[in-house]
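What's counted below: heavy atoms across the whole structure, side chains too, no hydrogens, waters or symmetry copies. Convention: sequence-line order gives letters A, B, ...; per-chain numbering from 1.
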Protein chains: 2
Amino acid sequence: MTTSVRRGRPGYDLDSLLQVAVTVFNERGYDGTSMEDLAARLGISKSAIYHHVSSKTELLRLATDHALDALTAVVSDPRGDTALDRLEAVLRGSVRILVAELPFVTLLLRVRGNTEVERRALSRRRELDHMLTALVHAAVDEGSLRPDIDPALTARLLFGTVNSLIDWYRPSRALTPDDLADALVTYALSGLHRGAA
Amino acid sequence: MTTSVRRGRPGYDLDSLLQVAVTVFNERGYDGTSMEDLAARLGISKSAIYHHVSSKTELLRLATDHALDALTAVVSDPRGDTALDRLEAVLRGSVRILVAELPFVTLLLRVRGNTEVERRALSRRRELDHMLTALVHAAVDEGSLRPDIDPALTARLLFGTVNSLIDWYRPSRALTPDDLADALVTYALSGLHRGAA
DNA sequence: ACTCTAACCAACCGAACGGTCGGTTTGCTG
DNA sequence: CAGCAAACCGACCGTTCGGTTGGTTAGAGT
C-alpha cells in the first residue's frame, strides 16, 4: 500500500469529487443535475470542478467505466466445475460488486443512451448480458436448470432480479451483502414455494 | 362505446399527444427531453403543445397517474381463496398492466423525486409496495411460502423481478404477455432448478 | 356560405445551462 | 521563507431551456 503524499493545496482530488458527483447524479438524475447543483453540494465553485474534469460528460464516463470494469471482472471468469456452479458464482459476484459499488452501478443502470458516452456504456452492458445468457444456456444444456423456460428469458429474469436490487438495497447490519446473495440465490434457483428444492 | 365525433381542426388531442410524449420521455429521459425535442417529434411547434397542457410537469403528472391508476386497480383487490392465490393474481395482473401500459409504467418507474409531482408518484408507488408486502406476509403465515426468507425481502425481490421487465420486454408474437406471466410465476415460485416443485 | 371549435404557429422573454478565462489561495517541501 | 503544485474563485459567454403572446388555419355542423 503506497499511499503517495498529497501535494499542493488540500481539497478534492478526482476520486473524492467523483464520489460526490455520482451520489448527486443518483439523487437528481444525471440530466437533472446542473454543474451548479454539483458545485453547491461539493462546497466549491462551479469553475473549480473543471480543474478536475473537462466536462460533465467526463464525470459520467469515469463513473460508468468504474462500474463496468468491476462487473466485467466478475462476470468474465467465474470459478466452478459445472455451469451451474459458475452461474451461481456470477450471481453472487454480481451482488457483491453491486453492493460494494452501489452508487456507480446505480448510475450505470440508469443510463439512457443520449450521448456517445452513454451508448458505449449500454454497449458494454450488453456484452455482460450475453455472457450471462451463454452461462444460463450451458447450465440448461448440462441438465442443471429447468428446460421449460427459454434460456434467454431465464437470463433476463435473473439479470432483472439482480439489477433491481439498486432500487431498494442499502447496506445495513440487518441484511449483509452475503445474506442478500444467499436469499437471492435461493429465490432464483429454488423458488419461493414452501418445500421447494 | 360512444365515440363522440371530433370537432374543430384535426390533429393531436390530449391523449394522442401524451402517448408520443411518454415515448420520447422514455427514449431520452424526462429531464433529457426538451419541449423543442417533443415538438419536433410531434411535427408541430413547441407553443402548440401548450394548447393541450399547461406545463411539461403536467405531461409527467398525467402519465404517472395513468400508470398508477391501472396498477392500483390490479393490486388493490386480488381474487383468490388463499393468500398464495391472491399473490399470484397480483403478479399476473401486474405483468398484464405493465405490458399493456408499458410506456407509462416505464416512465413511472424511472421517476427520481425532483419535483412535487414526482414525489407524489413515488409516494403512491410506496403504497403499492406495502400492499404487496402484506400479501406476501399473509402467504408466509398461511404456510404457502418458505419461511426462511424474510417476507419484506421476498416482496422486494418479487417486485424487483416484475418491474425489471420494462428494461427488456417488448410485445411480440414469440412471447405473449400470458407466456411472460407464466414464466415469471414459475421462476418466482418454483425456481429455476431442474426438478423444482 | 357562415360559424364555431379546436389545433396550430412565429416571434419572443428571462432564467438557467455547460463551459471559459485570468488570476488567487493554500500548504507542503527544500 | 522562497518556490512549487494543486485546488480554487468571480465574472463572464453563447446557447438552450420552459414558457408566453397575439394571432392564424383547417374542417365539421347548419
Write out all pairs satisfying salt bridge (charged side-chain N to carboxylate O under 4.0 Å, His left out) with one or both partners inside [range], taking only residues at least two apart or from two chains.
| range | answer |
| --- | --- |
| residues 11-28 of chain A | Arg6(A)-Asp13(A), Glu27(A)-Arg41(A), Arg28(A)-Asp37(A) |
| residues 150-162 of chain A | Asp129(A)-Arg156(A) |
| residues 70-91 of chain B | Glu88(B)-Arg92(B) |

Task: Glu127(A) with Arg124(A): basic N within carboxylate O range, under 4.0 Å - done: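 So Glu127(A) does not pair with Arg124(A) through a salt bridge.
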Task: Contact pattern, 5' to 3', of nucleotides 24-30 of chain D - B, S or - by protein heavy atom under 4.0 Å - done: -BBSSS-
Task: Sugar-phosphate or base contact per nucleotide [nucleotides 11-18 of chain C; S, B, -; heavy atom under 4.0 Å] - done: ------SB
- [ ] Respond yes when some side-chain nitrogen or oxygen of His51(B) is under 4.0 Å from OP1 or OP2 of dA7(C), and no when none is.
- [x]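 Affirmative; the distance criterion is met.
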Open item on the list: Less than 4.0 angstrom between a side-chain N/O of His52(B) and OP1 or OP2 of dC8(C), yes or no?
Closed with: yes
[X]: side-chain hydrogen bond (donor to acceptor under 3.5 Å, both in side chains) partners, not counting sequence neighbours:
| X | answer |
| --- | --- |
| Thr23(A) | none |
| Thr115(A) | none |
| Arg119(A) | Glu116(A) |

Open item on the list: Tell me which pairs pass side chain to side chain donor-acceptor pair (under 3.5 Å) where either residue lies in residues 134-143 of chain A, with sequence neighbours left out.
Closed with: Glu142(A)-Ser144(A)
Tabulate below the donor-acceptor pairs under 3.5 Å that side-chain atoms of residues 163-172 of chain B make, not counting sequence neighbours, or state none.
| unit_1 | atom_1 | unit_2 | atom_2 | d |
| --- | --- | --- | --- | --- |
| Asn163(B) | ND2 | Phe159(B) | O | 3.4 |
| Ser164(B) | OG | Gly160(B) | O | 3.4 |
| Ser164(B) | OG | Thr161(B) | O | 2.8 |
| Tyr169(B) | OH | Leu175(B) | O | 2.7 |
| Arg170(B) | NH1 | Ile166(B) | O | 3.3 |
| Ser172(B) | OG | Ala174(B) | N | 3.3 |
| Ser172(B) | OG | Leu175(B) | N | 3.0 |

Task: Gap between atoms CD1 and C1', on Ile49(B) and dA7(C) respectively (whole Å) - done: 13 Å
Open item on the list: Under the rule for salt bridge (charged side-chain N to carboxylate O under 4.0 Å, His left out), what residues qualify as partners of Glu118(A), not counting sequence neighbours?
Closed with: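 Salt bridge (charged side-chain N to carboxylate O under 4.0 Å, His left out) check on Glu118(A) returns nothing, list empty.
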Task: Proximity to DNA chain D (any heavy atom under 4.0 Å), residues of residues 13-29 of chain A only - done: Asp13(A)
